[in-house]
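Beneath this line is the structure, given in structure tokens, with notes to follow.
Atom set for the values below is all heavy atoms of this structure, side chains included, hydrogens, waters and symmetry mates excluded.
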Amino acid sequence: MKYLLAFIVIGWTWSAFSQKPSTEPLKKAIQAKLAGVEGNFGVAFKDLQSNQTLFINEKENFHAASTMKTPVMIEVFKQAKGGKFKLTDSILVKNEFKSIVDGSAFSLDISDDSADGMYKMIGKKMTIYDLTYQMIIVSSNLATNILIELVDAKKANATMRDFGANDIQVLRGVEDSKAFQLGMNNSVTAYDLMVIFEKIARKKAIDPTASEGMTRILFDQKFNEIIPAKLPKEVKVAHKTGSITGVQHDSGIVFLPDGRKYVLVLLSKNLKDPKAGVRILADVSEMIYDFVK
């Protein structure tokens, strides 16, 4: 009996020491950090080994900005998997789209698009894969609208529900001003973006091949001012950013050199000083990394 008791005590002691520290002190430190910048923030973190989480306003709605392009990418890969088209198929690059309000035509303004090189392709053909790549790595609005027209925003939204992302709203393409004026905007929560990036990280977004393909695209993200900014170079981040007036977002998967992974989503709105918002979110990313490493 005494040997059994000794075994139980040793096992309990090992378990107690092997558990990771609580995220509660880290959460309080992050909240104190964010309080230094005027604005509203949402945070969702999940360690994919321990399943530890940290949430701040994780169910609050934020204007999606370009973070909605990740659900669109997922829908592209889903429909390719379903045989609707091949990623290698070519489609015409155009700059005329229909408003979801009344079907009236609108075009994108090159000055509002970070991927202005895409406009040189108008009237030419590009593969669906290349359009998806441009949509993610340089956040091309033109590529995004072409792909949304191809796959249908409603289907992307339905796929998000299938993933368990119940509050993401993928309603429309970019610069649909009539929809904007009626408040018909794409929106996300930190929690839902965490859900879909966890699916990708665990290779359960469509299937392992699609998940790996999407991860490779996300690795090539050109805007790296938030999640990766203060992390060591050997740490790799597969992520998608988003920004509009008063809004700075980043969301993705952080890959540590030893093979561990975690998902991190950092959202903001009502920023009076966007640059300060970017800096503070990069600080939060570093705080999360220091906790995990």
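With values rounded to the nearest 0.5 angstrom, D176 atom CG is found 4.5 Å from F106 atom CZ. Considering CG of D207 and NZ of K78, their distance stands at 12.0 Å, rounded to 0.5 Å. Between the OG atom of S243 and the NE2 atom of H249 there is a distance of 9.0 Å, given to the nearest 0.5 Å. Of the inter-residue distances, the one linking L48 atom CG with Y262 atom OH reads 11.0 Å to the nearest 0.5 angstrom. Distance check: N157 CG to I168 CD1 gives 8.0 Å after rounding to the nearest 0.5 Å. Going from atom CZ of R172 over to atom CG of N145 covers 9.0 Å, rounded to the nearest 0.5 Å.
At distances below 3.5 Å, not a single donor-acceptor pair connects side-chain atoms of R279 with backbone N or O atoms of I226. Distance alone, capped at 3.5 Å, places no donor-acceptor pair between the N186 side chain and the A64 backbone. A donor-acceptor contact shorter than 3.5 Å is absent between the side chain of T241 and the backbone of D250. The closest donor-acceptor contact from the side chain of S187 to the backbone of H63 lies at 3.5 Å or more, if one exists at all. Using modelled atom types, one side-chain atom of K69 and one backbone atom of S139 make a donor-acceptor pair closer than 3.5 Å. E175 places a side-chain N or O within donor-acceptor distance of the main-chain N or O of D109, the cut-off being under 3.5 Å. T67 places no side-chain N or O within 3.5 Å of a backbone atom of G242 that could act as its donor or acceptor partner.
When all heavy atoms are compared, the tightest approach of T132 to M73 is CG2-CG, 3.6 Å.
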Full working for side-chain hydrogen bond (donor to acceptor under 3.5 Å, both in side chains) between T127 and D130: CA-CA 5 Å; T127 67; D130 286 343; 3.2 Å; yes

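Ion pairing between a basic and an acidic side chain is recognised when a charged N comes within 4.0 Å of a carboxylate O; K59 and D167 show no such pairing. A salt bridge between D152 and K154 is absent, with no side-chain N of the basic residue lying under 4.0 Å from a carboxylate O of the acidic one. Look at E149 and K94 and you find a salt bridge, because one of the NZ, NE, NH1 or NH2 atoms lies within 4.0 Å of a carboxylate O, short of that distance. Here E60 pairs with K269 in a salt bridge; the nearest charged N to carboxylate O distance falls below 4.0 Å.
With no hydrogens or angles considered, a side-chain donor-acceptor pair links K178 and S104 at under 3.5 Å. Side-chain contact check for N141 and T144: no donor-acceptor pair (N or O, by modelled atom type) lies under 3.5 Å.
For K98, the NZ atom counts as loosely surrounded, since its 6.0 Å shell holds 12 or fewer non-hydrogen atoms of other residues, nucleotides or ligands.
Here the side chains of L54 and I30 are in contact, with some heavy-atom distance below 4.5 Å. Looking at H239 and S251, their side chains never come closer than 4.5 Å, going by heavy atoms from C-beta outward. Side-chain contact check for V76 versus Y129: every heavy-atom pair is 4.5 Å or farther apart.
When V37, I280, N40 are each tested for a side chain to side chain contact (heavy atoms under 4.5 Å, CB included) with L271, only one passes: V37.
Residues F255 and F219 place their aromatic rings such that the two centres sit under 6.0 Å apart.
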